[in-house]
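To keep things clear, I will list the structure first and then write my remarks on it.
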2 protein chains.
Amino acid sequence: MLTISQLAAYAGVTVRAVRHYHQVGLLPEPERDRSGYRSYDAAAVVRLIRIRTLADAGVPLARVQELLDAGPEEFAEGVRTIDTNLRAEIRRLQGTRKRLARLAAGEHLALPGSVVGYLDRLRGLGVVERYIEMERDAWIMIAAQVPHLIDFVIAKKHEQLDDPDMVKLYSFFRGALDWPADDPRVVEVADIVERLMMRAVEAGEVGALGLDDQFVDLLDSTMVQSSPAAERLVAILEERGWRGWTRVERVPAERLHTGLPPT
Amino acid sequence: MLTISQLAAYAGVTVRAVRHYHQVGLLPEPERDRSGYRSYDAAAVVRLIRIRTLADAGVPLARVQELLDAGPEEFAEGVRTIDTNLRAEIRRLQGTRKRLARLAAGEHLALPGSVVGYLDRLRGLGVVERYIEMERDAWIMIAAQVPHLIDFVIAKKHEQLDDPDMVKLYSFFRGALDWPADDPRVVEVADIVERLMMRAVEAGEVGALGLDDQFVDLLDSTMVQSSPAAERLVAILEERGWRGWTRVERVPAERLHTGLPPT
DNA sequence: TCGAGGGTTGCCCCGGCGTCAAGGTCAAGC
DNA sequence: GCTTGACCTTGACGCCGGGGCAACCCTCGA
C-alpha cells in the first residue's frame, strides 16, 4: 500500500492536492492504517492520474468529477470538447507570442494594420515624427470610437494622398511646425487647403463619422497649438469662411466634412 | 475622448477588468467629465493594450506593472523570459493532448511503457485477462513505490521469460485458475517453480526491492486467493521449504528473492 | 417626461490549491 | 530509552484575476 506522499509523487502532484481532491470528493477517502495514515491501492493511482490528466487539460474539478463518473460515450464526447479547447488554447498562445514579439519590437498594437500603413506613407512623405505621433494618437482614438469604419476611412485618406495638392499640404508638416507665424508660405498653404476643401464640397464628401464634438474640438486644438504657423493657418482659413479643421464648416451655412482631414 | 466601455471594447476586455486595473494601480485613473464618468485618451488605449498583451501571456499583473514601468533593456529581458515560458506552456499543452488521447483510448497512463510492453508479452503467451489485471495492479503499486527501479526490474522479468521453465510457469495462468486444487498438474508446476527458485539462488539473485512487508503480504494473499489451484501450489512449495511468493524465503534460514516473481 | 441603457462605488464570490500552525507517528541512531 | 527528523493529520487563511450584484446616478432619444 502507498502513503499519500508516494501516491502524490508518482502521479506528479502535491500531497496538498491529493487531500484537496478528498475534500471535494473527487478521490474517495481510502482506508487508514492504525496510525491514521491514508493507505492507497492501485485503483487510487489510476483515478488520480486520470484526474490529473483532465485537470492539466484545464478542466475544472467539478467537470472532472462528472466525466469520470459518466458513461463511456459521454466521456468520449467530453474529451473531444476538451481537446478542441486545448487546440484553441494552443493557437491563442501562439497568437500571444506573435503579439508579444510585436510589442517587444515597439510596434503599435493599438492600431489596425491599415492605419500603420497610412502613417508609414506619411513618414515616406517626409512628415516629421512629432506630427506623426500626434496623428497616430488621433487615429487610436478614432479607431476606438468607430472601429468598423476605420479601414474605410483610411482607404479614403489614401485616395486623398493621390492628389498632389494633398501631398503639398502634408509637406507643411515637414518643417512648417518651425515656421514663424508670419511666414509667407503659410498663406500659400492656406490657398492649397482652400482648394482642397472646395473640391471636397463639390465631390459631396460631407460625411459624419459620428465622432463626438468634444473629441473633434480636442483634435482641432491640438492642431492649433502644435505651432504658431498652424495657428495662423487656421486663422487665415477662418477669415475666408472656413471654420474647424477636423470637421470643417463653411460659415455661416453649410456644414462640410472633408472625409477626416489631418488632426 | 473615450468612455470606459469604448476603451474596454476596443482593447477586448471587460469594463470590470479596466476598473480592476485602476484599483490595483496598473492603469492610472483618467480625468472625469462633469458627470463623473472616466474619460480616456490614446495613451490609456496604448497602455491597456500592452497590459492585455502581457496578461494574455500569463504574466501576473504585479509583474506587468514592473515591466511596463521598467527600462527598455529590462523590458526586453522580461519579454524573452515570458516567451520562453509561453513556448514551454505550449509544449505542455501539446503533451497533455497526447495523454488525453491515450486516456480516451483506454490506455493505462498509470504504468510506464516498459511495464505495458511486459504485460503485452504476457498477453501474447496466452495468459488470461483476469490474471493480467491482477498483475497490472501489482505493477502500478510497485512502480509507485520504487519508480527508479521499475525499468531495471522489468528488464529482469524479460530475461526470466527467455527461460522456457518460466514460460511454462506462466502457462499456469492460461487456464490453471480454473483447475481444481487436486489437479495433478499443480504438482508439475510446483516442480517447475522449485527449479526456477533453485536457479535464482545459485545466480545470487537475492535482491531486496525495498517493498514494504505489508504490500508483499498483500500480493501473496491475492495470489493465494486467486484460485484453489494457486492456494495448493503455494502450500506444496511451503511443504518443500519455500515460504512466500512475491519474496521467497528458504525455510528456516536464508532469505531469498527471485527478482520479483509474478504477483 | 420617461424609460433604456450607459455610468459609478462597494462588497462578496469563485477555483485550485499554497502556506502556515499545531500537533501525532515512525524508523533510525546514540 | 531518548532524541531527531521526516513524515502524517486537521484546520484555517491567503492568493490571483476578475465576475456578479446591489443601489444609485447620468444621458439621450422618442
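Letters A, B, ... are given to chains in the order of the sequence lines, protein chains preceding strands, and every chain is numbered from 1. Keep in mind that the numbers below use all heavy atoms, side chains included, and drop hydrogens, waters and symmetry copies. This structure is a prediction, so every number in the text was calculated from the model and none was measured.
- Contacts of A:R63 with the nucleic acid, taken as non-hydrogen atoms under 4.0 Å apart, are absent.
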Distances for protein N or O near nucleotides 12-15 of chain D N or O, under 3.5 Å:
from: D:dA12; atom 1: N6; to: A:R16; atom 2: NH2; distance (Å): 3.3

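- One atom, CG of A:L2, and another, P of D:dC7, lie 15 Å apart when rounded to the nearest Å.
- If you walk DNA chain C from 5' to 3' and mark each nucleotide with an atom closer than 4.0 Å to a heavy atom of chain B, the marks span C:dG6 to C:dC11.
- Within the 4.0 Å cut-off from OP1 or OP2 of D:dT9, at least one side-chain nitrogen or oxygen of A:R38 is found.
- Distance alone, capped at 3.5 Å, is enough to place a donor-acceptor pair between the B:Y10 side chain and the A:A110 backbone.
- Regarding B:I4, its CD1 atom lies at a distance of 14 Å from the C1' atom of D:dG18, rounded to whole Å.
- At a threshold of 4.0 angstrom between heavy atoms, the contacts of B:R19 include nucleobase atoms, whether or not backbone atoms are also involved.
- With DNA chain D read from its 5' end, the first of the two nearest nucleotides for B:A62 and B:Y37 is the one closest to B:A62.
- Proximity of a side-chain donor or acceptor of B:Q6 to a complementary backbone N or O of B:T3 within less than 3.5 Å is detected.
- Comparing A:S35 and A:A17 by the nucleotide of DNA chain C whose heavy atom lies nearest to each, the residue mapping closer to the 5' end is A:A17.
- With hydrogens and angles disregarded, a donor-acceptor distance shorter than 3.5 Å links the side chain of B:D41 to the backbone of B:A44.
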Should B:Y40 and B:L48 be marked as a side chain to side chain contact (heavy atoms under 4.5 Å, CB included) after you check the CA-CA gap, both sets of side-chain angles, and the distance that decides it? CA-CA 11 Å; B:Y40 297 91; B:L48 180 55; over 6 Å; no

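- In the set D:dG19, D:dC8, D:dT10, D:dG19 carries the atom at the smallest distance from any side-chain atom of B:T14.
- Taking atom CG of A:D33 as the reference point, atom C1' of D:dC8 lies 9 Å away to the nearest angstrom.
- Between B:Y21 and D:dG18 there is a side-chain N or O to OP1 or OP2 distance below 4.0 Å.
- Within the 4.0 Å cut-off from OP1 or OP2 of D:dC8, not a single side-chain nitrogen or oxygen of A:R34 is found.
- The side chain to side chain donor-acceptor pair (under 3.5 Å) test with B:Y21 is passed by exactly one of B:Q65, B:R52, B:R47: B:R52.
- In this structure, the side chain of A:D137 does not engage the main chain of A:I140 through any donor-acceptor pair within 3.5 Å.
- One N or O on the side chain of A:R92 and one on the backbone of B:D56 form a donor-acceptor pair closer than 3.5 Å.
- Between the CG atom of B:L26 and the P atom of D:dC16 there is a distance of 13 Å, rounded to whole Å.
- Salt-bridge formation is not detected for the pair A:D69/A:R50: no Lys NZ or Arg NE/NH1/NH2 atom is positioned less than 4.0 Å from an Asp or Glu carboxylate oxygen.
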Which is it for A:E77 and A:E73 under the side chain to side chain contact (heavy atoms under 4.5 Å, CB included) test, yes or no, and what are the steps along the way? CA-CA 6 Å; A:E77 171 59 23; A:E73 74 293 341; over 6 Å; no

